Amino acid sequence: MNIEKTLVKRVGTANGIYLNNIDIDPLAIQAIMINEVVPSDPLQDFYGARDADYLKTTIPLFQRAGTEVTSVQDILQIGIYITNAVKTPKTEYVIDKSSIEKSLPYLEAELSLFPSIKVIMLMGDVAKKAFNMIAKKSAKKNIIPAVSTYKLRNSEIYYEGIRVMPSYIMTGGNILIEKSKVKMAAEDIAAMLEIIK
């Protein structure tokens, strides 16, 4: 299944929306990691160039979590699909609510493509907000409480039988500087890997 073609068929096209143009078997995916926002250059996204900026921080996090991956294909092979909550590049430092809302139909449709999901990881505050906006439609409340991520990390949160794990953003030049967040994100990825073994 091609993700981009399937989402365009379900939701339609929208100006400035970047979708993952990759072919994958949806039944093989057991975990979804939702990053915050697409980069302004699609080649720097997870499924762009082999040395994409987003992979320069993501692959080391997986390696710190104890899995020997060297590419996004390796990550897909272990049953993990990575996407972005906001499908339009950010134009300002802060991502506004309207950007999240514009991308929400795509993210919601994207999450519904994978019937074997055991874990959804929310990598950063924007991912948490977007997921809460989706979950609120059926649950009528936020699934992820509005407290600091470090307080939620060891909570067992479930949505429709799927474990939801809030964690830290995994892309951007600053992530590798914040040693404590890198350590916690790697621990969270390791916990997710245990669940999908």
Side-chain angles (χ1 to χ4, degrees), residues 30-39 45-46 53-67 69 75 80-104 106-108 110-111 114 117-196:
Q30 296 184 66
I32 298 174
M33 298 176 78
I34 304 174
N35 185 55
E36 293 200 332
V37 62
V38 296
D45 206 350
F46 300 104
D53 286 345
Y54 275 17
L55 294 176
K56 288 177 185 170
T57 53
T58 301
I59 288 171
L61 283 174
F62 272 86
Q63 291 168 341
R64 285 180 71 125
T67 186
V69 299
I75 294 169
I80 300 162
Y81 172 69
I82 306 174
T83 193
N84 295 292
V86 177
K87 314 284 186 196
T88 54
K90 66 181 180 179
T91 53
E92 299 188 22
Y93 184 73
V94 176
I95 297 167
D96 61 35
K97 189 176 177 185
S98 66
S99 294
I100 299 173
E101 289 170 340
K102 181 178 179 184
S103 299
L104 218 52
Y106 293 95
L107 180 62
E108 190 170 9
E110 195 171 22
L111 294 177
F114 303 99
I117 292 300
K118 295 179 184 172
V119 180
I120 295 174
M121 289 194 74
L122 307 174
M123 308 306 288
D125 291 340
V126 172
K128 288 194 302 191
K129 277 184 200 150
F131 189 79
N132 268 339
M133 289 165 83
I134 290 170
K136 209 172 203 175
K137 291 180 182 180
S138 60
K140 306 294 182 223
K141 63 176 182 150
N142 285 338
I143 298 299
I144 310 301
V147 297
S148 298
T149 299
Y150 78 90
K151 292 181 180 175
L152 295 172
R153 286 182 58 239
N154 297 315
S155 306
E156 289 206 14
I157 301 168
Y158 288 87
Y159 174 70
E160 296 183 352
I162 298 167
R163 175 80 182 268
V164 181
M165 300 175 69
S167 189
Y168 295 97
I169 192 163
M170 60 185 181
T171 56
N174 292 337
I175 178 70
L176 296 177
I177 296 167
E178 297 187 58
K179 302 275 187 246
S180 63
K181 286 185 179 177
V182 168
K183 181 178 183 288
M184 289 185 281
E187 288 169 358
D188 296 341
I189 291 169
M192 176 261 295
L193 289 166
E194 277 298 310
I195 295 169
I196 67 168

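For clarity, every value in this text was computed on a predicted model and none was experimentally measured.
Contacts classified as salt bridge (charged side-chain N to carboxylate O under 4.0 Å, His left out) and involving residues 150-166 (residues at least two apart or in different chains) are given here: Arg153-Glu187, Arg153-Asp188. Applying the salt bridge (charged side-chain N to carboxylate O under 4.0 Å, His left out) test to every pair with at least one member in residues 132-149, sequence neighbours left out, gives these pairs: Glu108-Lys137.
Ala65 and Ile189 make their closest contact through CB-CG2, 3.7 Å (heavy atoms, listed as atom of the first residue, atom of the second, distance). Scanning both residues, Ala185 and Ser167, for their nearest heavy atoms gives CA-OG, 3.6 Å. Tyr159 approaches Val164 most closely through the heavy-atom pair CB-CG2, 3.8 Å. What you find for Thr149 and Lys128 is that their closest heavy atoms are OG1-NZ, 2.8 Å. Of all heavy-atom pairs between Ala130 and Leu107, the closest is CB-CD2, 3.9 Å. Listed here is the closest heavy atom pair of Ile196 and Ala31: CG2-CB, 4.1 Å.
By the 4.5 Å heavy-atom criterion applied to side chains, Ile75 and Met33 are not counted as neighbours. Side-chain contact between Lys102 and Lys87 is absent, with no heavy atoms from C-beta onward closer than 4.5 Å. By the 4.5 Å heavy-atom criterion applied to side chains, Asp125 and Glu36 are counted as neighbours. Val38 places none of its side-chain heavy atoms less than 4.5 Å from the side chain of Ser103. Looking at heavy atoms from C-beta onward, Thr57 lies out of side-chain contact with Val182 at the 4.5 angstrom threshold. Looking at heavy atoms from C-beta onward, Met170 lies in side-chain contact with Ile82 at the 4.5 angstrom threshold. Looking at Ile117 and Tyr81, their side chains never come closer than 4.5 Å, going by heavy atoms from C-beta outward. With a 4.5 Å cut-off on side-chain heavy atoms, Asn132 and Lys129 do not count as touching.
Among Asn84, Thr58, Leu61, the one residue that satisfies the side-chain contact (heavy atoms from CB on, under 4.5 Å) test with Thr171 is Thr58.
If you take CE on Met123 and CD1 on Ile34, they are separated by 10.5 Å, rounding to the nearest 0.5 Å. Atom OG1 of Thr67 is separated from atom CG of Leu193 by 5.5 Å, given to the nearest 0.5 angstrom. Rounding to the nearest 0.5 Å places CE of Met165 at 11.0 Å from CD1 of Ile144. Note that CD1 of Ile134 is 10.5 Å distant from CD1 of Ile100, once rounded to the nearest 0.5 Å. Note that CZ of Phe46 is 11.0 Å distant from CG of Asp53, once rounded to the nearest 0.5 Å. Here the CD1-CG distance, from Ile32 to Leu122, works out to 10.5 Å after rounding to the nearest 0.5 Å.
Looking at Asn142, its side chain never comes within 3.5 Å of a backbone N or O of Pro145 through a donor-acceptor pair. Tyr168 contributes no side-chain N or O that, together with a main-chain N or O of Lys183, makes up a donor-acceptor pair within less than 3.5 Å.
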